[in-house]
Student: 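Here's a structure for you.
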Amino acid sequence: MTDVLITAVELADLLKTEPCVVIDTRNPDAYAAGHVPGAVNVHEIFTFLATSTPEGMAELKTKFADAFGGAGLSGKETAVIYEQSMNSGFGQSCRGYYLLTMLGYPKVKVLHGGFDAWSAAGFPVTKEVPTPAAASFAIVPEASEILIDAKTMLAAVGKPGIAILDVRDVDEWIGDSSSPYGKDFCPRKGRIPGAVWLEWYRMMKPTAEGPRFKSKDEILAECATVGISPTTPVYLYCFKGARASNTFLALKNAGVKDVRMYFGSWNEWSRDPSLPIEQGLPIAADVTTKAA
C-alpha cells in the first residue's frame, strides 16, 4: 500500500503538482498564530464526541461530510491533515485521517511531524485565512465498516481470534484514571474485558526532529508482543477515538489487514452500566479470573 504519511518536503512538492486541500486540526488560536499557506482550520475533527446509537453514527457521518465538503474536498483533491507534532495533539491529525477513510474519501495523507516539521524545514507560514470553495462531499457507505459500535465491541468480548486493543495511557489502562481530562471525568474506570494493551506512544519513537512513527517492521514487532499479526482482526479503542486513530494509521500503514475502531471508546462504554468492565491491575484481574 502507499504510505499515508508525507514529509514536509513531499508536501511542498505535492502542493505544486496536484490539487490538495490542507486541513489544520489545531485549536483556532494556534491556527491564527500561523499555519501552512492555504490550510483550512477544522478543530472539531479533534473535539467531537461520538456515540454508537444509529442517530449518533448518522450524525458523525453527516457532520464531517459537511465539514470536509466545506473545506473544499470533492474527491478530486488529496486531503492532507496535520496537527502540531505527532504526540502533542493526542493523535488528532490521525483522527482526521480515520474520519475521511471511514467516509470513503479516496486520497488522504497525514503530514508526518505535523506543523513543527513544516516550520522546522523553513517552509512558509502564514496568518492569512483562506476562503475555500465549498464542494459536494460524497459518503461511500461501505467504507464505514471500519467504524464499530458498542454492540459490536460487546460481541467481540471473549471471542477468540479478535484482538481488542486498548491504546490509552497507562493510568487509564490500570483503572487509576477514567480519561485524559481528569481521573473522574467518566463514571467508571477500567478497561473492556479481555483487551490487550499497547500504549499509543509505542507506535512512535523520538528523533532529532521530534516524534515520528516507527518503521512498518517495528510496528509489527510491537503488535507481536500482544499476539497481533498482520492477519489478526483488531478492534481498537481509546477515550474518544483520537489516540486510537494514531494507532489505526500505524497498523494500516504497517500492513495489518483488518483494523476497525470503536469510536465511542471509553467515553461511551464507561457511561453505560450495562456494559462489562475489568478494574484494577490487569495482573490482579487475570488471577481473579483464573481463581473463579
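Side chains are part of it too, since the values below use all heavy atoms of this structure and drop only hydrogens, waters and symmetry mates. All values derive from a computational prediction rather than experimental measurement. Positions are given from 1, in the same order as the sequence printed here.
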Student: With no hydrogens and no angle check, just 3.5 Å: does a side-chain donor-acceptor pair link Asp24 and Tyr82?
Tutor: yes
Student: Can a salt bridge be assigned to the pair Asp176 and Lys189 using a cut-off of 4.0 Å between side-chain N and carboxylate O?
Tutor: no
Student: Pick out which of Asp258, Val256, Val196 makes a side-chain contact (heavy atoms from CB on, under 4.5 Å) with Val234.
Tutor: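 Checked Asp258, Val256, Val196 against Val234; only one passes side-chain contact (heavy atoms from CB on, under 4.5 Å): Val256.
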Student: Is the Lys NZ or Arg CZ of Arg26 less than 6.0 Å from the centre of Phe115's six-membered ring, within 45° of the axis?
Tutor: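 Judged by the rule (NZ or CZ under 6.0 Å from the ring centre, within 45° of its axis), Arg26 counts as positioned above Phe115.
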Student: How about Tyr237 and Phe263: are their ring centres within less than 6.0 Å of each other?
Tutor: no
Student: Under 3.5 Å, side chain of Ser179 to main-chain N/O of Gly182, donor-acceptor pair present?
Tutor: yes
Student: Run the numbers on Glu222 and Lys214 for salt bridge (charged side-chain N to carboxylate O under 4.0 Å, His left out), then give the verdict.
Tutor: CA-CA 10 Å; Glu222 293 286 3; Lys214 291 178 175 174; 2.5 Å; yes
Student: Flag the pair Glu199 and Arg168 as a salt bridge only when some basic side-chain nitrogen lies within less than 4.0 angstrom of an acidic carboxylate oxygen.
Tutor: no
Student: Test side-chain hydrogen bond (donor to acceptor under 3.5 Å, both in side chains) on Lys252 and Tyr98 and set out the steps.
Tutor: CA-CA 11 Å; Lys252 290 303 288 179; Tyr98 174 81; over 6 Å; no
Student: Salt-bridge test for Lys205 and Glu218: reply yes if a basic N is under 4.0 Å from a carboxylate O, no otherwise.
Tutor: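 Result for this pair is yes, salt bridge flagged.
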Student: Within the side chain of Trp118, is there an N or O that forms a donor-acceptor pair under 3.5 Å with the backbone of Thr7?
Tutor: no
Student: Begin with the C-alpha distance, continue with both residues' side-chain angles, and end with the deciding distance and a verdict on side-chain hydrogen bond (donor to acceptor under 3.5 Å, both in side chains) for Glu172 and Ser177.
Tutor: CA-CA 5 Å; Glu172 295 163 83; Ser177 174; 5.9 Å; no
Student: Please determine whether side-chain hydrogen bond (donor to acceptor under 3.5 Å, both in side chains) holds for the pair Lys183 and Ser178, giving the CA-CA distance in whole Å, both sets of side-chain angles, and the decisive distance to 0.1 Å.
Tutor: CA-CA 5 Å; Lys183 283 182 184 280; Ser178 72; over 6 Å; no
Student: How about Phe90 and Phe239: are their ring centres within less than 6.0 Å of each other?
Tutor: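 Aromatic pair excluded; centres sit 6.0 Å or further apart.
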Student: Counting the benzene-type ring for Trp, do Phe137 and Phe64 have ring centres under 6.0 Å apart?
Tutor: no
Student: Checking Asp169 against Arg243 for the salt bridge (charged side-chain N to carboxylate O under 4.0 Å, His left out) test, could you report, in this order, the C-alpha distance in whole Å, the side-chain angles of both residues, the deciding distance, and whether it holds?
Tutor: CA-CA 9 Å; Asp169 293 15; Arg243 291 169 291 178; 3.0 Å; yes
Student: Step by step, work out the side-chain hydrogen bond (donor to acceptor under 3.5 Å, both in side chains) result for Glu268 and Ser265.
Tutor: CA-CA 6 Å; Glu268 180 179 57; Ser265 281; over 6 Å; no
Student: Examine distances only and state if a side-chain atom of Glu59 and a backbone atom of Gly56 form a donor-acceptor pair shorter than 3.5 Å.
Tutor: no
